[in-house]
Amino acid sequence: MLKKLGTNLGFWILVAMVAGVIVGIGMGPEAKLFVPLGALFIQLIKMLVVPLVAVSIVMGAASLGGSRSAGRIGVVSIGYILLSTLVAVAIAIVAGELFKPGSGLSVEGIAAIQATAEVAGQMPQSPTFWDQIIGMIPENPIRALTDGNILQIIVFGLFFGFGIAALAPEKRDKMIGGLTLVLDALIWCIGKVMLIAPIGVFGLMAEATGTFGFDVLLKVANLLWVDLLAVLVMALVIYPASLKLLSRVPLHTFFRAMVRPQVIAFSTASSMATLPVTLQACDKIGLSSQTSGFVIPLGATINMTGNAIYYTLVAIFFAQFYGIELQMSHYVAIAVTASLGSIGQAGVPGPTLMVVAVLAAAGIPIEGLPLLYALDRIFDMIRTVLNITGDVVCAAVTDRFAHQEADLNQ
């Protein structure tokens with residue numbers, strides 16, 4: 001047993017997380033000393049993520065484009081993403097109104113944080129709906145690759161992949177064969193990078209804990225535990241129900257395969273950094289490479305139920321804080337903006353800029369946001385776990401319907 005644990009990468013990542021938290025608490029802000037360890041790990045992952053996404057999407061689209069299941073896979077995956085996002089928003093609204101996390105907070109405390117952070121110079125401008133749609137189409141695909149613009153890479157990859165699918169069978173097979181070899185090489189590289197994951201995770205956790213500490217966390221503890229509760233309802237009720245009713249994957253198989261991706265998602269707070277391990281989890285639960293190669297990179301960009309829950313709860317949190325009575329029109333605005341905002345949010349760690357759009361849509365003041373920006377990393381780690389869990393659930397549901405159609409066509 002001990003020998004097996006000694007060679008288990010997931011076990012060492014968990015050990016590194018705990019060690020990082022302990023060191024962060026003990027050293028405080030001085031834990032920034034370990035920032036390079038986490039930065040090195042994230043940088044190596046980022047180096048491989050862009051080519052991995054590009055090749056996976058092109059190969060997945062090329063493979064699907066030549067089959068009758070292409071349309072069904074696209075419709076089922078995107079349909080499930082939209083539906084699960086709306087369910088996540090509904091759960092967040094119920095949790096926010098039931099537990100009222102924004103009640104009883106000090107306006108003076110928010111004002112002090114705002115003055116310290118010089119909010120006026122930090123508030124981002126939220127993009128409009130059409131800005132997001134137009135921005136998904138790359139003006140220059142090569143620039144999209146070099147800039148790491150995942151949404152644009154996916155759009156171009158789909159077009160290019162379907163273009164390959166339109167070639168004569170012998171030409172298409174050669175292209176797909178070449179892409180398969182490139183993907184195999186990338187997966188080998190990722191396997192080597194993952195060997196230093198415990199070191200990187202230790203650096204990330206030590207820096208995050210030392211910088212934010214638990215004192216600051218207590219200021220928004222209400223929002224944190226309500227957000228966590230909503231995430232747990234989605235992860236332990238809605239997603240298992242989806243697997244049970246809409247997929248062929250046993251629940252115990254799913255949760256066993258998801259331990260490692262979830263640990264890495266929690267420590268890195270990045271769906272994109274977790275993507276290689278998420279793809280491996282899909283292989284472990286028996287999903288076809290065609291389905292996972294198409295759905296997982298797509299889901300890592302637009303399937304953000306964790307973000308949708310967070311955006312909705314933040315809006316309700318500040319509405320309660322400022323004593324704003326939310327009407328049905330406000331809830332509709334919050335639901336629509338949170339859903340679209342979560343879909344447009346990139347799968348990388350960082351400040352949640354789309355919160356501004358959600359608050360503005362419901363007419364809620366944004367002056368208190370600096371209080372949450374300081375803890376965004378902690379919220380980000382929680383919601384990223386739900387995001388990548390939803391990606392694999394979506395792939396499992398989609399794979400079931402793709403195989404079902406294939407069986408009917410035989």
Side-chain angles (χ1 to χ4, degrees), residues 5-50 52 113 116-117 122 148 189-221 224 227-228 231 259-278 280 300 306 310 346-353 370-388:
L5 282 177
T7 58
N8 188 310
L9 183 60
F11 169 75
W12 287 111
I13 291 173
L14 282 171
V15 170
M17 285 178 61
V18 174
V21 169
I22 293 173
V23 170
I25 294 172
M27 295 184 64
E30 293 182 6
K32 287 185 177 180
L33 171 70
F34 300 106
V35 167
L37 297 179
L40 176 64
F41 173 63
I42 291 294
Q43 196 72 7
L44 286 169
I45 289 290
K46 285 182 177 180
M47 175 183 72
L48 297 170
V49 161
V50 170
L52 179 69
I113 293 174
T116 303
Q122 292 185 14
C189 294
I190 288 163
K192 299 306 178 186
V193 170
M194 290 308 301
L195 294 177
I196 66 166
I199 298 173
V201 167
F202 169 80
L204 290 167
M205 294 303 296
E207 187 269 335
T209 306
T211 300
F212 304 137
F214 287 103
D215 292 338
V216 180
L217 179 61
L218 292 176
K219 295 183 184 296
V220 286
L224 183 67
D227 179 69
L228 181 59
V231 166
V259 170
R260 186 172 165 191
Q262 287 173 340
V263 168
I264 294 175
F266 184 80
S267 58
T268 64
S270 171
S271 298
M272 299 311 303
T274 314
L275 189 145
V277 190
T278 308
Q280 292 176 353
Y310 177 72
V348 295
T352 313
L353 305 184
L371 178 64
L372 302 185
Y373 282 173
L375 287 176
D376 190 69
R377 174 78 184 194
I378 296 173
F379 283 103
D380 207 356
M381 291 188 294
I382 295 172
R383 61 181 176 257
T384 301
V385 173
L386 184 64
N387 290 342
I388 64 107

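One-based numbering along the sequence shown.
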Original post:
Nearest 0.5 Å, what's the CD1-CZ distance between Ile388 and Arg383?
Top reply: 14.5 Å

Subject >> Leu40 side, atom CG; Ile199 side, atom CD1 - distance, nearest 0.5 Å >> reply: 8.5 Å

Indicate the atoms forming the closest heavy-atom contact of [X] with [Y], along with that distance.
X: Ala31; Y: Ala206; answer: CB-O, 3.3 Å
X: Leu37; Y: Gly203; answer: CB-CA, 4.2 Å
X: Ser271; Y: Asn387; answer: OG-CB, 3.8 Å
X: Thr274; Y: Ala265; answer: OG1-CA, 3.4 Å
X: Pro198; Y: Ala16; answer: O-CB, 3.0 Å
X: Leu33; Y: Met27; answer: CD2-CE, 4.4 Å

Original post:
With side chains defined as the heavy atoms from C-beta onward, is the minimum distance between Arg260 and Gln280 less than 4.5 Å?
Top reply: yes

Original post:
Val15 versus Phe202: any side-chain heavy-atom pair under 4.5 Å?
Top reply: no

Original post:
What's the verdict on side chain to side chain contact (heavy atoms under 4.5 Å, CB included) for Phe41 and Val193, showing C-alpha distance, side-chain angles and the deciding distance?
Top reply: CA-CA 8 Å; Phe41 173 63; Val193 170; 4.3 Å; yes

Original post:
Is a side-chain donor or acceptor of Ser267 paired with a backbone partner of Ile264 at a separation under 3.5 angstrom?
Top reply: yes

Original post:
Using the ring of each side chain (for Trp, its six-membered ring), is Phe379 parallel, tilted or perpendicular to Tyr310, with breaks at 30° and 60°?
Top reply: tilted

